[in-house]
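For the numbers below, each heavy atom of this structure counts, side chains included, while hydrogens, waters and symmetry mates do not. Numbers here simply count residues along the sequence, with the first being 1.
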Amino acid sequence: MANELDVFVGNTTLIDEEVYQLWLDGYSVSDAVNIRLKSGILDQTGAGADVLESDTMDHYRTFQMIERLLHYPPKLVQQLLFQIPPYKQSMLIERYYAFEEAFVREVLGKKLSKGTKKDLDDISAKTGVTLKSCRRQFDNFKRVFKVVEEMRGALVENIQQNFLLSDKLARDYAAIVFLANSRFETGKKKLQYLTFEDFATCAEHLIQNWTLGAVDIADDMDMDLDKEFLQDLKDLKILITDKDLLDHHKSLVCTSLRGKISVFHEMDSNFKTLSRSLVNIGTSLTHNKDVRDFFIDLVEKFIEPCKAAGWSLTDVQLFLNQYIASARALDAFK
């Protein structure tokens with residue numbers, strides 16, 4: 001009696017997104033199989049456990065072969081060995097370069113070197129992110145950094161062109177490599193309440209206003225702070241050393257904010273102290289150590305005093321906007 005066997009042949013590479021995520025998360029084949037079993041997949045498909053294990057292993061082998069292409073995404077798009085639809089290619093790239101908030105906060109601003117990589121065991125234990133996933137994310141940060149660090153032009157665009165990431169993810173990577181480049185301190189205890197998005201927002205503003213690229217984006221780099229600009233900030237010292245100018249500056253700010261800010265009396269009585277703190281932070285940024293301590297200095301010398309005095313976020317925003325506008329009116333920014 002002859003046995004009938006149906007065979008289907010195709011050349012499209014099958015990608016199971018759920019298995020791909022398990023692979024990215026660093027689960028072993030056996031762990032991935034157990035997770036899939038718990039999801040009830042056998043009841044849905046009618047397959048046996050041995051088939052599920054074989055299917056998982058096949059997917060893992062495919063991902064391991066594709067991984068070398070994911071290191072340089074344009075190669076994945078250009079190659080012909082794996083027939084993967086464009087939308088699936090985009091998914092593979094985007095997920096491969098995605099990162100976890102808990103992990104990125106542990107390495108943000110640190111040098112992307114072997115020294116930091118040695119700490120991944122501890123970071124994995126602390127965050128609950130698997131070691132394999134920590135290594136992938138760290139290696140991605142380092143790879144992007146190495147590719148774009150000497151490139152001229154807009155940092156976000158350079159990342160998008162070389163790694164084919166979405167605009168949001170490219171902007172996040174721009175923040176990571178920018179903060180790593182200048183070694184901004186983000187790990188101190190007083191900074192732990194700040195999220196990655198907080199730092200990413202700050203990094204975006206710094207890139208747009210304080211870097212060489214902010215001066216001439218076509219010729220210069222968004223990675224490096226503009227040393228000439230930081231040197232010019234020393235001229236702001238006059239705002240606190242010239243008594244007449246200090247009093248005039250205070251008068252302009254207080255006049256503009258009267259009736260608009262809920263902590264007017266606290267601002268009025270502490271204006272000179274706050275102004276001195278802001279100016280001293282700005283004028284010290286010609287030194288690498290002070291650049292690294294920029295965020296901790298802002299928290300300790302400005303944010304914490306404002307918080308202790310009961311300032312709201314709106315109060316701080318109104319004050320800083322008017323502080324800068326009034327300084328410009330005094331020609332402090334020349």
Please work out which of the three classes, parallel, tilted or perpendicular, describes the rings of [Y] and [X], given edges at 30° and 60°.
X      : Y      : answer
Phe229 : Trp210 : tilted
Phe302 : Trp311 : perpendicular
Phe141 : Phe99  : perpendicular
Phe63  : Tyr60  : tilted
Tyr323 : Phe319 : tilted

Given the rule that I, L, V, M, F, W and Y join up when any side-chain heavy atoms are under 4.5 Å apart, are [X] and [Y] in one cluster?
X      : Y      : result
Tyr72  : Ile159 : no
Tyr97  : Val77  : yes
Leu37  : Val29  : yes
Leu52  : Leu14  : no
Val156 : Tyr173 : no

So how far is it from [X] [atom1] to [Y] [atom2], rounded to the nearest 0.5 Å?
X      : Y      : atom1 : atom2 : result
Asn280 : Lys237 : CG    : NZ    : 4.0 Å
Leu155 : Glu204 : CG    : CD    : 11.0 Å
Arg276 : Lys272 : CZ    : NZ    : 8.0 Å
Leu298 : Ser277 : CG    : OG    : 10.0 Å
Leu274 : Glu266 : CG    : CD    : 11.0 Å
Thr186 : Phe199 : OG1   : CZ    : 5.0 Å

Considering all heavy atoms of both residues, which atom of [X] and which atom of [Y] are nearest to each other, and what is their separation?
X      : Y      : value
Tyr96  : Asn140 : O-ND2, 2.9 Å
Leu92  : Ile84  : CD1-CD1, 3.9 Å
Gln89  : Leu76  : NE2-O, 3.7 Å
Met223 : Val148 : CG-O, 4.3 Å
Leu191 : Arg105 : O-NH2, 3.1 Å
Leu246 : Ser275 : CD1-OG, 4.3 Å

Does the side chain of [X] pick up a donor-acceptor pair with the side chain of [Y] at under 3.5 Å?
X      : Y      : result
Ser312 : Thr314 : no
Glu197 : Thr201 : no
Thr195 : Asp198 : yes
Glu94  : Ser166 : yes
Asn270 : Thr273 : no

Within the side chain of [X], is there an N or O that forms a donor-acceptor pair under 3.5 Å with the backbone of [Y]?
X      : Y      : answer
Ser269 : His265 : yes
Asp268 : Cys254 : no
Glu304 : Lys301 : no
Thr116 : Leu112 : no
Glu100 : Ala102 : no
Arg95  : Glu17  : yes
Glu53  : Val33  : no
Ser39  : Arg36  : yes
Lys75  : His71  : no
Ser124 : Val129 : yes

* With Arg136, which of Leu24, Thr130, Leu131 fulfils side chain to side chain contact (heavy atoms under 4.5 Å, CB included)? ->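 Looking at Leu24, Thr130, Leu131, the match for Arg136 under the side chain to side chain contact (heavy atoms under 4.5 Å, CB included) is Leu24.
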* Option passing side chain to side chain contact (heavy atoms under 4.5 Å, CB included) with Ile261 (candidates Val316, Val253, Asp315) ->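 Single pass found, and it is Asp315.
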Side chains of [X] and [Y], heavy atoms from C-beta outward: is any pair under 4.5 Å?
X      : Y      : value
Asp226 : Thr211 : no
Tyr20  : His59  : no
Phe163 : Ile93  : no
Ile303 : Phe295 : no
Ile324 : Arg328 : yes
Gln137 : Val104 : no
Lys117 : Asp139 : yes
Leu239 : Leu245 : yes

Hey, is [atom1] on [X] packed in by over 12 heavy atoms from elsewhere, all under 6.0 Å?
X      : atom1 : value
Lys146 : NZ    : no
Lys260 : NZ    : no
Glu67  : CD    : yes
Glu228 : CD    : no

* Audit row: Asp172, Lys168, salt bridge (charged side-chain N to carboxylate O under 4.0 Å, His left out) steps and yes/no -> CA-CA 6 Å; Asp172 286 343; Lys168 174 63 170 67; 2.8 Å; yes
* Only counting residues at least two apart or in another chain, list the ones meeting ring-ring contact (aromatic ring centres under 6.0 Å, His included) with Phe178. =>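 With sequence neighbours excluded, Phe178 shows a ring-ring contact (aromatic ring centres under 6.0 Å, His included) to Phe184, given in chain and number order.
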* Salt bridge check: are Asp58 and Arg61 linked by an N-O gap of less than 4.0 Å? ->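 Between Arg61 and Asp58 there is a salt bridge, with a charged N closer than 4.0 Å to a carboxylate O.
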* Does the pair Asp25 and Lys132 meet the rule for a salt bridge (charged side-chain N to carboxylate O under 4.0 Å, His left out), with working shown? -> CA-CA 7 Å; Asp25 290 341; Lys132 186 175 180 180; over 6 Å; no
* Would you check, one step at a time, whether the test side chain to side chain contact (heavy atoms under 4.5 Å, CB included) holds for Ile296 with Lys190? => CA-CA 7 Å; Ile296 192 68; Lys190 288 188 176 182; 3.8 Å; yes
* Show the numbers, then the answer: is there a salt bridge (charged side-chain N to carboxylate O under 4.0 Å, His left out) between Asp293 and Lys289? => CA-CA 6 Å; Asp293 291 340; Lys289 182 184 182 303; 2.7 Å; yes
